[in-house]
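Shown next, in structure tokens, is the structure this report addresses.
Sequence lines set the chain letters: A, B, ... in the order given, protein chains first and strands last, and positions in each chain run from 1.
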Number of protein chains: 2
Amino acid sequence: MAYTDPDIGAFRQFLAARAASRGAVTLEQQREIFDSDMAAVPLPPGCDSEALTLGAVPAERIVHPGAAAGRVLLYLHGGGYVFGSLRSHRHLVARLAVAAGAEAFHLDYRLAPEHPYPAALDDALDAYRALLARGVDPARLVVGGESAGGGLATALLLKLRQAGLPQPAGLYLISPWLDMTTAGASYAKVGTRDPMIAADRIALVAQAYLGAAGDDAFTSPVHADPAGLPPMLIQVGSEEVLLSDSTSFAANAALAGIEVRLHVWAEMPHAFPLFHTALRAGLRAIEEAGAWMAARFAGG
Amino acid sequence: MAYTDPDIGAFRQFLAARAASRGAVTLEQQREIFDSDMAAVPLPPGCDSEALTLGAVPAERIVHPGAAAGRVLLYLHGGGYVFGSLRSHRHLVARLAVAAGAEAFHLDYRLAPEHPYPAALDDALDAYRALLARGVDPARLVVGGESAGGGLATALLLKLRQAGLPQPAGLYLISPWLDMTTAGASYAKVGTRDPMIAADRIALVAQAYLGAAGDDAFTSPVHADPAGLPPMLIQVGSEEVLLSDSTSFAANAALAGIEVRLHVWAEMPHAFPLFHTALRAGLRAIEEAGAWMAARFAGG
């Protein structure tokens, strides 16, 4: 197949070759492989990370010379709630912090299946409260995340609404996983065009996250009424089975009167900004998100 | 109600007062009032319009000093297929042409009920063929329109696909009317929050446009498979009963692998860029569209 994007053909070949060579791996192996692969991506020049805790949750702060005082990104990494870490996503969070001219907090929330729902959401809420206690102004705070981290970010904002806590100035979602049920139209329509995620894997990971809990609006925010949430930017690839999570949530948010920017990137796979070293479109998405966050911090 | 936008409260008061003072008007009166109100908006400095025909269709060409050679916007005005004209929309098309750095062609397609479907679509197709015959490069051409003009622009691209004609480089839609059936979720959900359009009026206008024809994918493109259409930008207000037309079509286009930017503007009513003299958000939308069109012309 011929692609318009200059990078996606090679990236798809890389994914297929890697899957063929690797075979079955345990979750522990998957965590370690993902972390070491991703940790090899260098941070932008001048970026550094400092370990800290937010409430009782391990986290890190990404600092760099271009971070304007008081402008903050809280980022929740992806990995299906079962893998991903500060190591794997530090480079992405650092890129986003630089693009936004902000400092970033990156959260090491507890993972399933060892810690099923609501552990991750409890951690995110603890961390958010801790940021407020540190004096972070919610009007100068954006909450973001990709994949499961996007679902967690959205659930956090729903939880803030329930708890009567102030909303942040924006919600930034990359390929968010917002529906545990694999019922979206994109599962059938995109299907095997998705080079990264299959429906049966989503179902397994959902089971690991839900544990004994029932699926609800905090685990599948696509079923929530998003009224009261802040303006949002959603970036998603057209070649992913999770596409309908984004389009459905965007429609719900629009109907609730929320400012929504949905940008569907043709030919791009799941969470493509994470793979910006292979996909230059990921860098453009990060720049777009940075400009959007800067406008949110400025009240625009 | 308190609004975030600085202009929308006064604009809604203006609309309510005008509706109360005017009472019932005939279609002829509505056409004349709309045309004279809108024709009073001045063109941007240096803009001029030249009458011409495209095929057999009356049209005008908007020229200005910043128009780069060979970059073209074909614009189809709105007005429910029953009103609107070169007079009413010239100022918007001129603003868009300036923002895009392009020349613009503005089409005086035939209106219903005197000329029901497919008269308008036939005219749009004639005009598109005429642009190609003039040497316009489809890779440097964007087709745009608002409301019914957005529906007509989308139908034109579906017709091009059917006819084997080249697609333009982009499709630009403002609050497009893409569904004749008033079945979208926004009719119930937005309902009377919409200060401009009511469901019963949409049904009447749909009847006028359809005449003896049945509703199909060319009259309600929300039911079309948009595969093969070019990248699109959709701008829509959150306070309009037509909102679901935009969100549904965006979802369909995304599933077809098309690059989609959907921007839902909170608090904004139907076709708000047309009212840019009262709503500064309309000017920002025009600037956003101009930048997007410029990137499309450049192959971005």
Side-chain angles (χ1 to χ4, degrees), chain A residues 1 3-5 8 175 184-191 193-194 225-269 281 284-285 288 291-292 295 299-300, chain B residues 1 3-5 8 175 184-191 193-194 225-269 281 284-285 288 291-292 295 299-300:
Chain A
M1 169 159 181
Y3 295 104
T4 300
D5 183 84
I8 188 64
S175 300
S186 47
Y187 282 93
K189 181 83 180 177
V190 176
R193 265 163 44 196
D194 186 325
D225 177 354
L229 266 57
M232 59 187 70
L233 170 66
I234 307 176
Q235 297 173 324
V236 63
S238 71
E239 307 305 291
E240 43 175 316
V241 293
L242 293 179
L243 173 56
S244 294
D245 295 44
S246 286
T247 54
S248 296
F249 187 66
N252 293 346
L255 284 172
I258 298 169
E259 159 129 355
V260 179
R261 289 171 191 253
L262 169 70
H263 189 169
V264 182
W265 296 62
E267 301 183 357
M268 284 298 123
R284 294 200 302 276
E288 177 185 72
W292 179 82
Chain B
M1 169 160 182
Y3 296 103
T4 300
D5 183 84
I8 189 64
S175 299
S186 48
Y187 282 93
K189 181 82 179 177
V190 176
R193 266 164 43 198
D194 186 325
D225 177 354
L229 266 54
M232 60 186 71
L233 170 65
I234 308 177
Q235 298 173 323
V236 63
S238 71
E239 307 305 291
E240 43 175 315
V241 293
L242 293 179
L243 173 55
S244 293
D245 295 43
S246 285
T247 55
S248 296
F249 188 65
N252 293 347
L255 284 171
I258 298 169
E259 159 129 354
V260 179
R261 290 173 191 250
L262 169 69
H263 190 170
V264 182
W265 295 64
E267 301 183 356
M268 285 297 123
R284 295 200 301 276
E288 176 185 73
W292 179 82

Discussion item. At under 4.5 Å between heavy atoms, what parts of residues 241-249 of chain B are in contact with chain A? List them by residue number.
Written reply: B:Leu243, B:Ser244, B:Thr247
Worksheet item: So, do B:Asp194 and B:Pro269 sit near enough that their side-chain heavy atoms are less than 4.5 Å apart?
Response: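 A side-chain contact under 4.5 Å is absent here.
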Just how far is it from atom [atom1] of [X] to atom [atom2] of [Y], taken to the nearest 0.5 Å?
X        : Y        : atom1 : atom2 : result
A:Asp225 : B:Lys189 : CG    : NZ    : 4.5 Å
B:Met268 : B:Glu240 : CE    : CD    : 11.0 Å
B:Arg284 : B:His263 : CZ    : NE2   : 8.5 Å

Item to complete: Please collect all salt bridge (charged side-chain N to carboxylate O under 4.0 Å, His left out) contacts where either partner lies in residues 227-236 of chain A, sequence neighbours excluded, each pair once.
Response: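 Those involving residues 227-236 of chain A do not exist here.
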Discussion item. Less than 4.5 Å to any heavy atom of chain A: does that hold for the side chain of B:Arg193, its backbone, both, or neither?
Written reply: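 When you check distances to chain A, only side chain atoms of B:Arg193 fall under 4.5 Å.
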Practice prompt. Considering only heavy atoms and a distance below 4.5 Å, find which of A:Ala251, A:Ala256, A:Ala254 pairs most often with chain B.
Written response: A:Ala254
Worksheet item: Quick one: of A:Ile258, A:Thr4, A:Val190, A:Leu262, who has the most non-hydrogen atom pairs under 4.5 Å with chain B?
Response: A:Leu262
Worksheet entry | Residue list, side chain to side chain contact (heavy atoms under 4.5 Å, CB included) with B:Ala291, at least two apart or on another chain |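 So B:Ala291 forms no side chain to side chain contact (heavy atoms under 4.5 Å, CB included) with any residue.
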Worksheet item: Using non-hydrogen atoms and a limit below 4.5 Å, what part of residues 228-239 of chain A faces chain B?
Response: A:Ser238, A:Glu239
Fill in: Test log, rule salt bridge (charged side-chain N to carboxylate O under 4.0 Å, His left out), inputs A:Glu288 and B:Arg261
CA-CA 12 Å; A:Glu288 177 185 72; B:Arg261 290 173 191 250; 3.2 Å; yes
Fill in: Closest non-hydrogen atom pair between A:Leu255 and B:Ala185, with its separation
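Heavy-atom minimum between the residues: CD1-CB, 4.0 Å.
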